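Note that this is a predicted model, so its numbers are computed, not measured. Numbers here simply count residues along the sequence, with the first being 1.
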Amino acid sequence: MRVVVSKWGNSLGLRLPKALTAEIGVSDGQKVDVRAENGRIIVEPVRKPFTLEQMMGNVTPEAMREAWDWGDDVGREIVDD
């Protein structure tokens, strides 16, 4: 896909076609990271960091029991109470 680099104030800019923005998941006003790499321009959308609530949303007591239950103690693991 080819686009034209145009003067924009004292800078140069390019317009991203709608199909391309849909493909990479960016919208009007969204921030992107831009960098040069091996003679290419890389544009990547800046994603909002996850909140603690989002990260812990699927963590339930049942899931925690499954994650930490490795079976009955054996050998030297056994502790007399």
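The salt bridge (Lys or Arg N to Asp or Glu O under 4.0 Å) pairs that include a residue from residues 4-25 number zero, where partners must be two or more places apart or lie in different chains.
Leu14 is not connected to Val4 by any chain of hydrophobic side-chain contacts under 4.5 Å among Ile, Leu, Val, Met, Phe, Trp and Tyr, and they are in different clusters. When hydrophobic clusters are built by joining Ile, Leu, Val, Met, Phe, Trp and Tyr residues whose side-chain heavy atoms come closer than 4.5 Å, directly or via intermediates, Leu16 is not grouped with Val46. Follow the hydrophobic side-chain contacts under 4.5 Å out from Met1 and you never reach Ile42; the two are in separate clusters.
Trp8 pairs by the side chain to side chain contact (heavy atoms under 4.5 Å, CB included) definition with nothing, not counting sequence neighbours. Listed by chain and number, the residues in a side chain to side chain donor-acceptor pair (under 3.5 Å) with Ser6 amount to none (sequence neighbours excluded).
Here the shortest heavy-atom pairing between Asn58 and Ala63 reads O-CB, 4.4 Å. For the residue pair Pro45 and Ile24, the shortest heavy atom distance occurs at CG-O, 3.5 Å.
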Mind listing the side-chain donor-acceptor pairs of residues 49-56 below 3.5 Å, one per line with the distance, residues two or more places apart or on another chain?
from: Thr51; atom 1: OG1; to: Gln54; atom 2: N; distance (Å): 3.1
from: Thr51; atom 1: OG1; to: Gln54; atom 2: OE1; distance (Å): 3.4
from: Gln54; atom 1: OE1; to: Thr51; atom 2: N; distance (Å): 2.8

Without placing hydrogens or testing angles, list every side-chain donor-acceptor pair under 3.5 Å for residues 29-36, not counting sequence neighbours.
from: Gln30; atom 1: OE1; to: Ser27; atom 2: N; distance (Å): 3.2
from: Arg35; atom 1: NE; to: Glu37; atom 2: OE1; distance (Å): 3.2
from: Arg35; atom 1: NH1; to: Glu44; atom 2: OE1; distance (Å): 2.9
from: Arg35; atom 1: NH2; to: Glu37; atom 2: OE1; distance (Å): 3.3

